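Taking it in order: structure first as structure tokens, then the write-up.
Just so you know, residue 1 is the first one in the sequence shown, and it goes up from there. Remember, predicted model here, so these are calculated numbers, not experimental data.
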Amino acid sequence: MNLKALSRCRKSYVLTFLLIMSLPACSPQNVESRSDKLKRVWTAQTVKENSSLVYTKGGAGNIRNYDSFRLDLSSPPAVSFTDYEGSTFTGQYQLQTDTRLVLKGLSPIPTSTSGTIEFTINAVNDNQLDLTRTTSSPKTGGSTNQYVLTNP
């Protein structure tokens, strides 16, 4: 084997080695699905009723106190939902499409709901869930509410 051929062969081995070593960097990352991101206990960060800001966690001038509000989606399909007044409802939840969260079979049955409350999921990430209730809430005077929730 001549010197040029040996040099090309070494270069080929080096390039092959580098390619093999770089493959793990190209492997797909574990991307958490939307349903996995929901599997947390959520509390109110901010709440808007009919687009008016009525609550900010830790805020001094809150119109309504949502400190008790809690949405526990940590054990699918079970749900525990505590409204701002502190009433707790249990049932099941399901994700219908990536943008609709349905709480169903709630017991006791929340006022004017037939045991079902639906939300539009505006956004979700590891630390925040932005929901808008699809029907008005009789407990808040018939307002349509938007909740920005955080997990403690």
Side-chain angles (χ1 to χ4, degrees), residues 13-152:
Y13 285 128
V14 169
L15 288 174
T16 302
F17 176 76
L18 291 174
L19 178 64
I20 290 170
M21 295 307 293
S22 68
L23 285 176
C26 298
S27 64
Q29 301 293 321
N30 272 346
V31 177
E32 195 174 32
S33 70
R34 183 162 278 203
S35 62
D36 286 337
K37 287 181 182 179
L38 290 175
K39 292 179 190 175
R40 291 164 174 66
V41 177
W42 301 97
T43 58
Q45 180 69 37
T46 62
V47 179
K48 291 181 180 179
E49 296 176 359
N50 289 336
S51 72
S52 295
L53 185 63
V54 297
Y55 175 82
T56 300
K57 188 175 196 169
N62 290 326
I63 296 168
R64 200 176 309 277
N65 185 356
Y66 277 85
D67 287 344
S68 298
F69 187 94
R70 182 181 156 143
L71 181 60
D72 184 347
L73 305 173
S74 63
S75 300
V79 64
S80 176
F81 170 64
T82 304
D83 66 17
Y84 80 93
E85 293 178 324
S87 301
T88 299
F89 309 93
T90 57
Q92 295 187 335
Y93 79 91
Q94 72 180 157
L95 188 59
Q96 291 182 347
T97 73
D98 271 354
T99 59
R100 185 171 293 297
L101 175 65
V102 179
L103 313 184
K104 60 185 184 175
L106 295 174
S107 177
I109 297 173
T111 305
S112 302
T113 66
S114 302
T116 300
I117 299 174
E118 295 186 28
F119 300 93
T120 298
I121 300 171
N122 304 316
V124 62
N125 61 41
D126 292 337
N127 304 315
Q128 199 170 70
L129 174 60
D130 184 337
L131 299 173
T132 301
R133 188 168 164 161
T134 60
T135 57
S136 61
S137 172
K139 284 193 172 184
T140 59
S143 63
T144 301
N145 302 337
Q146 179 184 4
Y147 308 92
V148 175
L149 309 176
T150 59
N151 55 17

[atom2] on [Y] to [atom1] on [X], rounded to 0.5 Å:
X	Y	atom1	atom2	result
Thr150	Leu129	OG1	CG	10.0 Å
Glu118	Thr134	CD	OG1	4.5 Å
Glu49	Tyr55	CD	OH	12.5 Å
Ser80	Tyr93	OG	OH	12.5 Å
Thr43	Tyr66	OG1	OH	14.0 Å
Leu71	Leu101	CG	CG	6.5 Å

Original post:
Looking at Thr88, Leu73, Ile117, which hits side chain to side chain contact (heavy atoms under 4.5 Å, CB included) with Phe81?
Top reply: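 Exactly one candidate clears the test, Ile117.
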**OP:** Return the set of residues passing side-chain hydrogen bond (donor to acceptor under 3.5 Å, both in side chains) with Ser74 (not counting sequence neighbours), or none when no residue passes.
**Re:** Asp72
For residues [X] and [Y], determine if any side-chain heavy atom of one lies less than 4.5 Å from a side-chain heavy atom of the other.
X	Y	result
Arg64	Thr140	yes
Thr113	Phe89	no
Leu95	Ile121	yes

Original post:
Quick check: does any side chain N or O of Asn151 sit under 3.5 Å from a backbone N or O of Val41, one acting as donor and the other as acceptor?
Top reply: no
Original post:
Just by distance, do the side chain of Arg40 and the backbone of Asp126 share a donor-acceptor pair under 3.5 Å?
Top reply: yes
Subject >> Exceeds 12 heavy-atom contacts within 6.0 angstrom, atom NZ of Lys139 >> reply: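 Atom NZ in Lys139 is packed in, count exceeds 12.
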Original post:
Which is it for Gln94 and Gln92 under the side chain to side chain donor-acceptor pair (under 3.5 Å) test, yes or no, and what are the steps along the way?
Top reply: CA-CA 7 Å; Gln94 72 180 157; Gln92 295 187 335; over 6 Å; no
Locate the shortest heavy-atom distance separating [X] from [Y]; write the atom from each residue and the value.
X	Y	value
Gly142	Ser136	O-CB, 3.1 Å
Gly59	Asn62	O-ND2, 3.1 Å
Tyr84	Phe69	N-CD1, 4.2 Å
Arg133	Phe119	CA-CD2, 3.6 Å
Pro76	Lys39	CG-CE, 3.6 Å

Original post:
Strictly by modelled atom types, are Ser107 and Thr90 linked by a side-chain donor-acceptor pair under 3.5 Å?
Top reply: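 No.
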**OP:** Verify the distance criterion only: is there a donor paired with an acceptor across the side chains of Thr116 and Ser114 at less than 3.5 Å?
**Re:**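 No donor-acceptor contact under 3.5 Å links the two side chains.
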**OP:** Only counting residues at least two apart or in another chain, list the ones meeting side chain to side chain contact (heavy atoms under 4.5 Å, CB included) with Asn122.
**Re:** Thr120, Asp130, Thr132, Gln146
**OP:** Show your working on side chain to side chain contact (heavy atoms under 4.5 Å, CB included) between Val79 and Leu106 and close with a plain yes or no.
**Re:** CA-CA 9 Å; Val79 64; Leu106 295 174; 4.0 Å; yes
